[in-house]
Structure formats: structure tokens, C-alpha cells
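Note that the numbering runs from 1 along the sequence shown for the chain.
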Amino acid sequence: MFRWITISLLTITVIGLGAFGYKEHQEKTAVLLQAENSYQRAFHELTSDVDTLHDKIGATLAMNSRKQLSPQLAEIWRITSEASSDVGQLPLTLLPFNKTEQFLYDIGDFAYNTAIRDLDDEPLTEKEVAGLEELYKQSGDIRNELRKVQNVVLKDNLRWMDVELALATKDETADNTIINGFKTVEKSMDGFQQTNMETGMSSSPEKQDFSHLGGEKISEKEAINIAKEWFGDVDDSKFTVTQSGKGADVPTVTASYNEDGKNGYMDMSRQGGYPFMIMINRDIKEAEIGLSEAASKAESYVNKLNLDNMQLVESSQYDKVGVFRFVYVKDDIRYYPNSVQVKVALDNGDLLGLEAIEYFSHPDDNVNKEPGLSETEAKEMVNPGLEIQDNHLAVIEDEGGEPTLCFEFLTTKGDETYRIFINADNGNEEKVETMRTSEQKFDA
């Protein structure tokens, strides 16, 4: 009798462990499938964007009408932004790809700055046309290499998860067509860098500075503990922890999890564990709170970062999510480069997202705090058709990434609200932003 009871208990235990293991396997498979689909989408969109980019640059070179040239350049700038975003979504953090990213930045920077200038007064120079021709050639080379990779991916049904594994394990012997293809794309950029410098097409994106961040290098266990402070009571075994590769601008640690239909992702600095980005994905129910209450919740999440003198400057609603922007304030001056953005669920006020990397990458307030213009003089630079509601001194970054002291005017026209930044030294209109601040009302 005892023997049969023992056998029955062992059988139940084995079945239970098998069911648990099967469920765990299913959950992990679902996460991997979601990641694979995301990688495939980003790659094929990147290939399409570079293809379109090549055609658009070619069309620009064929144009003779300045009226058509500006919108065409603006479209090129938009496409390069999308292509750069696609690259950022691929598991290439451990694979050097900075030359190609620089190439996309160069095109976007040139296209934007040329599109916004008066081409009647300042038409394209011979040097700029030569630079465009060089960019056209470069984009053609990248397009051809990406098409080769795409053809093999589709033909052999290759997986991006294998790319991530090969890069993470530094498996140099692995036959990975995707990695080799992207290395070829990067290699093709070598011959163009000097030419871009000579034609004035090469520029340098703003370098983020994290040298001021203190603290000790965090362990994997410490990274999980930091993540749990934001994600709540998630079992340690549910977390996946990865680190950025050598050569990254700032070494980071990423902690992510997937559990019961909810998944979270957090980037933090390896030194000190400062939260750079947090994303939480779950089903959001019908909204129960408005923006005012959600803003208080957002402020509590900013306070959790232990940042001083942060002020809410913008709130907006997208479906059932509230989005809030906080900036650092010192001596009554708003420092927009030092900003934190928070996303809050409007069903219960829970955190859905937080971006603080902009705040942590701007260590100081090194800018002239004495305006060359008076407030009255600056007001005269604002469109007279706008009604000024409020104003502040503020620091923003100009097109070159330099901190610039401005008069910030909150203005209205009809039902629209605009934020206008007037350079405090020369009166130039530096930036205009459309505000969306109206709060949607909900029945209790």
C-alpha cells in the first residue's frame, strides 16, 4: 500500500513539474517570438528606408526647381530619422556600426539644415552638390549590401535571435550571414569618410556626457534589485540581464522581464545604476483618472529619481496614457536639456514609461545667464497674432547642440497653444512648439 502511495505521489510530482516546465517553456518561447518579430520588422523597414533614401537623393540631384528642393530635402531628413530608429531597434549594440550611423546622421543633418534655409538667397553650392553625389553613391552601396542580406534572410529563413546570441557569446567561428553582411556594410563606409570631410558633409552628433555620474559598478543582482524598485514584486528568475558591449558611449545594464501578460524593460548606467529608460507594457483598461491626478503620480515617479528642482512644463494625453515632461529649474531659469519624461496609465496611475537619459547626460548649466535683450524687446519678436499668456527665461539647445538662453513665451491663438523660444541675445526665433494640454473629462 505504502509503495503505491509513494508511486502515486512521485507520478503527480513529475506531472506537476512537467506542466510547470512546459508552461515556463511556452512563456519563454512567446517572449523570444515577440523579440524575433520585432527584429525582423526593424530590419526589413531599414532596408526599405535605405532603398527609398537612395532614390530620393538621386531625385534631388536631378531637380532644377528650388521650390521642389526644400520639401524633397525635408523628406530625406524624415527618412534618415526613420532609418536611424530602425538601426536602434536591432541587436547590434555589440557590433561596431558607428560609421553607418554617422552616415545616416550626416545625410539627415545636411538635409535638415539645407531644407530650412532660403535656397533663393543661398542656393546649393558646387561643393554641396558634390557632397550629395557622394552621399548618393554611399546610399547605393549600403542599399545593395542590405538587399543581399535581406535576400539570404528570406531565402534561408535566418533568425535575428541567433545574431544576438552570437554577438553576446562572441562566437567568432559561427557562420552568421547577418553579422557578416552588416560588417560588410560598415566596411563599405571606410572610403567615404575623408571625402565627406572635404565636401563639408560630415558632422558630429552631440556627444552625451556621463563622466559626472558617480557610484560603483553594479552587479547583475544589484541591477535586478534596482529594476524591482520600479517594476514591483517580480521574481528574480524572471529577469534577463545584459550589458552593453565595449566601445559604448556609456556602459549600461539592461534588465527585462515577462510575466503574466506584462513585460518590463529598464536601461541603467553600469556605474551607479542610474535609471536611463524604463518601459512597461500591459493591457490598459478604461481611463479612470484625468491628467491632473496623473500628473501628481508622474511627479512622485520623478521624485523617486532623487532629483531636485524639477518642474512640470508639459502634459498631454494619448488615448489612455498621460505623458508628462519635467525640466530642471535653477535661479528661475528652465533648463530644457535637463528633462525627464514620464508616461502614466490613466486607468490606475501606474508607471508605463520613464526617460531620464537627457537629464543625466547634461551635467552642468554652463550658459550666460544675463540676457542681452529686455523682456519687452523679446516680446516684440513674437508673432503679433499670438496672445502671450506667460513667460520665463529658459535654456534650450540650438541646431548645433549648443545651450542657448532664451525668453520662453507661452502663447495662444484660438484653441491652439504654442511655446515660443526667442534668443535672449539677438532676438532670433529659435524654436516653436505646439502644445496639447487640454484634459479629457471622465465620468466617475
Notebook entry, point to check: Is Arg147 close to Asp51 at the side-chain level, that is, under 4.5 Å between some pair of heavy atoms?
Noted result: yes

Checklist line | Test log, rule side chain to side chain contact (heavy atoms under 4.5 Å, CB included), inputs Glu222 and Val253 | finding: CA-CA 10 Å; Glu222 288 171 327; Val253 178; over 6 Å; no

Item checked: Heavy-atom side-chain contact between Leu305 and Leu354 under 4.5 Å -> yes

Notebook entry, point to check: Would you say His392's side chain and Phe407's backbone share a donor-acceptor pair under 3.5 angstrom?
Noted result: no

Note to self: Surrounding CG of Asp332 (heavy atoms of other residues, nucleotides or ligands, distance under 6.0 Å), is the total greater than 12?
What the structure shows: no

Checklist line | Atom of Pro275, atom of Ala356 and distance for their closest heavy-atom approach | finding: O-CB, 3.6 Å

Checklist line | Contact summary for Tyr301 and Val344, nearest pair of heavy atoms | finding: CE1-CG2, 4.1 Å

Check: So do Asp236 and Lys221 actually touch side chain to side chain, heavy atoms under 4.5 Å?
Finding: yes

Checklist line | Point-to-point distance, once rounded to the nearest 0.5 Å, from NZ of Lys285 to NZ of Lys320 | finding: 11.0 Å

Notebook entry, point to check: Can you name the nearest heavy-atom pair linking Met266 to Ala227, along with the distance?
Noted result: SD-CA, 3.6 Å

Checklist line | Full working for side chain to side chain contact (heavy atoms under 4.5 Å, CB included) between Trp230 and Ile280 | finding: CA-CA 10 Å; Trp230 294 90; Ile280 300 172; 6.0 Å; no

Next item on the list: Look only at the side chain of Glu429 and the backbone of Ile420, and say whether a donor-acceptor pair between them is shorter than 3.5 Å.
Entry: no

Check: Strictly by modelled atom types, are Tyr265 and Asn263 linked by a side-chain donor-acceptor pair under 3.5 Å?
Finding: no

Next item on the list: Could you pull out the closest heavy-atom pair between Ala295 and Leu312, with the gap in Å?
Entry: CB-CD2, 4.0 Å

Check: Would you say Lys304's side chain and Glu229's backbone share a donor-acceptor pair under 3.5 angstrom?
Finding: yes

Next item on the list: Nearest 0.5 Å please: distance from the CG atom of Leu351 over to the CE atom of Met279.
Entry: 12.0 Å

Item checked: Asp331 (side chain) donor-acceptor with Ile333 (main chain) under 3.5 angstrom -> no

Item checked: More than 12 heavy atoms from other groups under 6.0 Å of CG on Asp283 -> no

Margin query: I'd like to know whether Gln311 forms a side chain to side chain contact (heavy atoms under 4.5 Å, CB included) with Phe326, so could you lay out the CA-CA distance, the side-chain angles of the two residues, the decisive distance to 0.1 Å, and finally the verdict.
Written below: CA-CA 5 Å; Gln311 184 179 101; Phe326 296 81; over 6 Å; no

Item checked: Polar side-chain atom of Ser269 near backbone of Tyr274 as donor-acceptor pair, under 3.5 Å -> yes

Next item on the list: List the steps, then state whether side chain to side chain contact (heavy atoms under 4.5 Å, CB included) holds for Thr80 with Leu53.
Entry: CA-CA 7 Å; Thr80 57; Leu53 181 64; 3.7 Å; yes

Item checked: Minimum heavy-atom distance between Ala345 and Ile289, given as atom pair plus value -> O-CD1, 4.1 Å

Notebook entry, point to check: Hey, are the side chains of Met310 and Tyr328 touching, using non-hydrogen atoms and a 4.5 Å cut-off?
Noted result: yes

Note to self: Counting C-beta onward and ignoring hydrogens, is there a side-chain heavy-atom pair between Tyr336 and Arg325 closer than 4.5 Å?
What the structure shows: yes

Check: Closest heavy-atom contact between Pro337 and Glu397?
Finding: CG-CG, 3.7 Å

Check: Among side-chain atoms of Gln389 and Thr412, is any donor-acceptor pair under 3.5 angstrom?
Finding: yes

Item checked: Between CD on residue Gln271 and CD1 on residue Ile218, distance to nearest 0.5 Å -> 9.0 Å

Checklist line | Non-hydrogen side-chain atoms of Leu307 and Phe360 separated by less than 4.5 Å | finding: yes

Margin query: Rounded to the nearest 0.5 Å, what separates atom CZ in Arg334 from atom CZ in Phe421?
Written below: 8.5 Å

Next item on the list: For Asn423 and Asp425, indicate whether the former's side chain and the latter's backbone hold a donor-acceptor pair under 3.5 Å.
Entry: yes

Notebook entry, point to check: Looking at side-chain heavy atoms only, is the closest gap between Phe324 and Lys297 below 4.5 Å?
Noted result: no

Checklist line | Close side-chain approach of Arg419 to Glu314, heavy-atom, < 4.5 Å | finding: yes

Next item on the list: Look up atom CG in Leu405 and atom OH in Tyr335, then write down how far apart they are to the nearest 0.5 Å.
Entry: 8.0 Å

Next item on the list: To the nearest 0.5 angstrom, please state how far the CD1 atom of Ile278 sits from the CG atom of Leu352.
Entry: 11.5 Å

